[in-house]
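What follows is one structure encoded as structure tokens, with my remarks underneath.
Because the structure is predicted, anything quoted here is derived from the model rather than measured. Here is the naming used below: chain letters follow the sequence lines, and residue numbers restart at 1 for every chain.
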Amino acid sequence: MAEYSRELIRQIEAKWQQHWADTNLYKVFTNPALPKYYVLDMFPYPSGAGLHVGHPLGYIASDIVARYKRLKGFNVLHPMGFDAFGLPAEQYAIQTGQHPAITTQRNIDTYKRQLKRIGFSYDWSREVQTCDPNYYKWTQWIFMQLFNAWYNKRNEELGKAEPISSLINELNKNGNRYIDAACDEDTPLISAEDWKNFSDNEKENFLQHYRLAYLSETMVNWCPALGTVLSNDEVKDGVSERGGYPVERIKMMQWSMRITAYAERLLAGLDTIDWPEPVKEMQRNWIGKSRGCEFYFTVAGNPELKIDVFTTRIDTVFGATFLVLAPEHELVEKIVTPDRRSDVMQYVNTAKNRSERERMSEVKRVSGVFTGAYAINPFNNEMIPVWIADYVLAGYGTGAVMAVPGHDERDHRFAKYFNLPIKQVVDGPDVQEKAFDSWDSQIINSGFMNGLTVHEAIEAGIRFVTEKGIGREKINYRLRDAIFGRQRYWGEPFPVYFDNGIPKLVAEQDLPVTLPEIDEYKPTESGEPPLGRAANWKYQGKYPYELTTMPGWAGSSWYWFRYMDPNNPHAFCGKEHEEYWKDVDLYIGGSEHATGHLLYSRFWCKALKDLGFVKSEEPFKKLINQGHIQGMSKFVYRINGTNTFVSAGLKDQYQVTRLHADISLVDGDVLNIEAFKKWRPDLETATFILENGKYYCDTEVEKMSKSKHNVVNPDDIIDQYGADTLRMYEMFLGPLELSKPWNTNGIDGVFKFLRKFWNLFHTDGKFYVSSEEPGRNELKILHRTLKKIEHDIESFSFNTSVSEFMICVNELTSLKCNKRKILEPLVIALSPFAPHISEELWHLLGNTGSVHQSTFPQWNQAYLTETTVNYPVSVNGKVRTQMEFAPDMPKEDIEKAVLASEIVKKWTEGKPPKKVIVVPGKIVNIVV
RNA sequence: GCCCGGGUGGUGGAACUGGUAGACACGCAGGACUUAAAAUCCUGUGGCCAGAAAAUGGCUGUACGGGUUCAACUCCCGUCCCGGGUACCA
């Protein structure tokens, strides 16, 4: 059994996977004596379709790093688990009545079976599942900590979360007069007396303005089809990301998370972590910090009515020719003049009822209405009209803007449409036809600002409003508080009950609040969430529980801590474990989580740190985004109204419908007609119009998904080539970060490489290695390879390490090298990439322990120094010849030798060189 | 529109802080082995040109147009195309 055959591979891989599991090879323990390294994959949602070849791409990379770090002496934490709450399982439950826990478990089993076949070095004893009550007990517990916390901006430089008790103390003493906290905009100012006189109900309502997890009436994205509320990032183009159902904006009592409290720290922290620049940039944009000025205009003839505006361009205030309020703005009612009232109210109503989708798709359409009121510009006392338009958003800034059509494109479009005046106040091209939006010009036509630069004028403007007492500098964020809940069954229940309408936390010893059984997974007839169906589901037998459940991101916002101490019944993570493992050294996952999971996780990590539960400010020190493996979809063409399919080249002659054909039915571009007919009952009677006796399909690169019938299952690749080939091939495909379509074109090359490697250890079909001393040449090959592999893994360039292995094996093969002293270190170096074949050869070499517990061989520069260096010699930048010189030969001598060369003389045509450049160890260039 | 990435042979891709472009692999072509095929092995393979052919040699070439430099896939300016993100954020 010496041939590296399919049968042998199957045996080797099964044998070692079993052995590794039996001996708990990858089990890891907290051990402060050893340096730690934490490599994490973004845990998957276990979908019913199983794993496809795209999933393992990142997992293979992280597994290579994990194994390599172990060989380098690190204590490596490399866990895997499942993000198991989610809508698909619930949708399936609604359709079939099957409990989502059952389907979820089944899917997890499939995933685990598939993952185990690839030979990952996960410590499965640390697996977490977010739907497991032992896990979500702690998700609930963290929610309780956030409910019991507020954000004190006076604590430390950028503020810090504190227990709610410190807020209550202060309220008892001084009311909220001296408090600077992250809280709702509409939080009233109260005295200690007011506070003490509040009823319990009033006290709780007041505290809700401050809690990090709080209940409030907010505008939410309600998706009637899914029966749930969606977060902003789950809505794409006005429809739900999952399913594509319409979404509307409605007001609803909702749990939210005060992530805005952390805006500044989330921003600042980005400079301390090694993440891809695009992801950091996305988070910066998402947080959307802008510095500006907030001040008010008074309403003409009604001086007690003040309209607050926010602007980043106070330097253009003399160019403001009208004000615009959001339709939802509370002052609209008060300022509208009687003659304009009916028009205004009509506009406000349509604007409010316009779905998000309409507003999105009509971004460029101008609409608005005049209120009849005028406001006074405090800078020049000019009266300017006040309008209402839905391009001003109620949720950002103050919900009102000063419109400067000369220097803002939206204001310009509006002014043009309604024929409002346009003033130029920044020096530059004429603004009547096009707004001029410049940050580095001079201010003109602007009273005391004349002659100042934009930046100087902004400072002057802020000073003006501050001194006049009508405004101040203001930092604004685009970031909104995160809605935390959904009207669904398959999620974590809140540890909350209602006592007289007041939300209260259950006692800690009553955790977890487990999901009750219900008869159907739909909302109740009265429109309550599914949990409303649970019979007699009351806290302590009398208090109603909160009926919504936590959103998808709850369980994933802290799971990396649970892996550190996964089975602890007394804490979400034991202190000693948390202090040892601290944070994730390497996190690999898709960039689609840039503004969701990765932002929420950073938020929870910071909050847990503030409250003293963990030590790290940032959860993930280094992040790599792996690219996506796309599918190659195949298409067939059915002639409309018939069951006849026409080959791709002839489709233009007919009216056809384009349909996906499963890729297993297509060989190259040629359809296997017999298999196609058996694919679905309706195709049995299909007829075909062929080209050259064959049916050709069209190909398109698309996302790999079940619905597109282009999924490649890793199991099939493993059946054919083995897990080691799959692993190395996925790495060989190209840089980890790149997205690429899956094709197996090159897989034979990788397979052949492994066989060649195997054959180095075998002579005439028998295992045989020689104990002869290796020659200089062999040692050079070995050490060059070790150096390159080490460098490539450290820089996450796995495709080039596979190439280097190939070069090495090609060279050793042509040298017929079978020397133990060369081959044994190579087995270790290869083991992170191809763990099974390496383990087998390691044992054939007579070793007893596992290769995965050996030590990565150290390369030695002494074997790599060359006796001569090959210099390319170029004349006027064109390489004309090669010359060998000793590595330490002085520049002058090289120059002389080069100029003496016949070939060089030929190219210089005897002319004296203008200049000779000698780059030591690199190149010689002669300029004539 | 704006913000990030990225454009290199027939294909996937390599090229360290500017220093021999196309490593490695696939595919393709030719050859060896074979009755034959598969498998395996060997040789060649960016394009154009010269050479009967080989050896060899020349020109050209990293999306396009400029520039900096002894030297540019790499740096700078402009244009085009592809991918991702974002979208009335005042």
Side-chain angles (χ1 to χ4, degrees), chain A residues 233 236-237 276-282 284-286 288-290 292-294 309-314 316 320 324 326 359-360 362-366 389-393 395-404 407-411 413-414 476-480 591-592 594-595 625 627-628 630 701 729 732-735 737-753 755 788 791 795 797 799-810 870-882 913-928:
Chain A
D233 43 307
K236 289 255 144 65
D237 305 323
E277 205 44 53
V279 175
K280 291 197 199 181
E281 202 55 32
M282 268 186 245
R284 284 192 195 103
N285 291 338
W286 194 261
K289 179 182 182 176
S290 58
C293 181
E294 192 176 299
V309 299
F310 172 75
T311 177
T312 55
R313 293 298 300 268
I314 187 74
T316 61
V324 190
R359 280 177 80 154
M360 295 259 209
E362 294 172 18
V363 158
K364 294 279 180 257
R365 211 194 79 190
V366 178
D390 64 4
Y391 81 86
V392 174
L393 305 176
Y396 183 79
T398 60
V401 302
M402 63 172 209
V404 184
H407 307 284
D408 179 283
E409 209 201 302
R410 287 158 322 201
D411 296 344
R413 219 183 304 131
F414 194 84
N476 231 313
Y477 299 92
R478 198 187 84 113
L479 185 70
R480 300 273 76 100
S591 59
E592 66 271 23
T595 53
N625 292 131
H628 293 271
Q630 294 139 320
V701 173
Y729 182 58
F732 186 61
L733 235 32
E737 310 80 32
L738 238 64
S739 290
K740 50 234 152 187
W742 176 262
N743 67 66
T744 45
N745 283 348
I747 199 164
D748 277 327
V750 174
F751 178 72
K752 279 189 220 165
F753 153 75
R755 192 171 51 198
K788 172 90 171 137
H791 173 265
S795 47
S797 174
N799 54 329
T800 52
S801 26
V802 178
S803 299
E804 177 60 30
F805 276 124
M806 287 173 169
I807 295 167
C808 171
V809 165
N810 287 346
N870 180 34
Y871 281 84
V873 177
S874 46
V875 178
N876 286 338
K878 289 206 167 86
V879 178
R880 295 307 181 182
T881 186
Q882 314 274 325
K914 256 192 221 154
K915 202 173 178 183
V916 179
I917 291 126
V918 179
V919 184
K922 293 267 175 160
I923 199 171
V924 179
N925 192 11
I926 300 152
V927 189
V928 195

Across all strands shown, which nucleotide pairs with [N] by Watson-Crick or G-U wobble geometry, both distances under 3.5 Å?
N      : result
B/rG12 : B/rC24
B/rC48 : B/rG58
B/rA90 : none
B/rU74 : none

Is [X] near enough to [N] that one of its side-chain N or O atoms lies under 4.0 angstrom from OP1 or OP2?
X        : N      : result
A/Arg284 : B/rC3  : no
A/Lys740 : B/rG12 : no
A/Arg880 : B/rG58 : yes

Of the non-hydrogen atoms in A/Val309 and A/Thr398, which two are nearest, and what is the gap between them? CA-OG1, 3.3 Å
Nearest-Å distance once atom [atom1] is located in both [N] and [M]:
N      : M      : atom1 : value
B/rG19 : B/rG6  : C1'   : 25 Å
B/rG61 : B/rG10 : P     : 16 Å
B/rU8  : B/rA63 : C1'   : 10 Å
B/rG83 : B/rC70 : C1'   : 38 Å
B/rG47 : B/rG22 : C1'   : 13 Å
B/rA38 : B/rC59 : P     : 42 Å
B/rA90 : B/rU74 : P     : 36 Å
B/rA54 : B/rU11 : P     : 26 Å

How long is the line joining [atom1] of [X] and [atom2] of [N], in whole Å?
X        : N      : atom1 : atom2 : result
A/Phe414 : B/rA90 : CZ    : C1'   : 14 Å
A/Leu738 : B/rU8  : CG    : C1'   : 13 Å
A/Ile917 : B/rU69 : CD1   : P     : 13 Å
A/Glu737 : B/rA14 : CD    : C1'   : 15 Å
A/Asn743 : B/rU11 : CG    : C1'   : 8 Å
A/His628 : B/rC82 : NE2   : P     : 21 Å
A/Phe753 : B/rU40 : CZ    : C1'   : 18 Å

Interatomic spacing from [atom1] in [X] to [atom2] in [Y] - rounded to 0.5 Å:
X        : Y        : atom1 : atom2 : value
A/His791 : A/Thr800 : NE2   : OG1   : 8.5 Å
A/Arg413 : A/Asp408 : CZ    : CG    : 9.0 Å
A/Arg478 : A/Lys289 : CZ    : NZ    : 16.0 Å

If each of A/Pro278 and A/Glu592 is mapped to the nucleotide of RNA chain B with the nearest heavy atom, which maps nearer the 5' terminus, i.e. the 5' end? A/Pro278
Both A/Gly734 and A/Val919 contact RNA chain B. Taking the nearest nucleotide for each, which residue is further toward the 5' end? A/Gly734
With the sugar-phosphate defined as primed atoms, P, OP1 and OP2, and the base as all remaining atoms, what B/S/- string results for nucleotides 20-25 of chain B, 5' to 3', for protein heavy atoms under 4.0 Å? B--BBS
What is the nucleic acid contact for [X], judged by heavy atoms within less than 4.0 Å: base, sugar-phosphate only, or nothing?
X        : result
A/Val401 : base
A/Ile926 : nothing
A/Pro735 : sugar-phosphate

Short side-chain donor-acceptor distance under 3.5 Å, A/Tyr871 and A/Thr881: no
Under a 3.5 Å cutoff, is there a donor and acceptor pairing between the side chains of A/Asn625 and A/Glu737? no
Output field: ring centroids A/Trp286/A/Tyr477 closer than 6.0 Å: no
Applying side chain to side chain contact (heavy atoms under 4.5 Å, CB included) to A/Ile923 and A/Ser874, what does each step give before you reach the verdict? CA-CA 8 Å; A/Ile923 199 171; A/Ser874 46; 4.2 Å; yes
How are the rings of A/Phe805 and A/Phe753 set to each other: parallel, tilted or perpendicular (split at 30° and 60°)? tilted
What's the base orientation of B/rG51: syn (chi within 90° of 0) or anti? anti
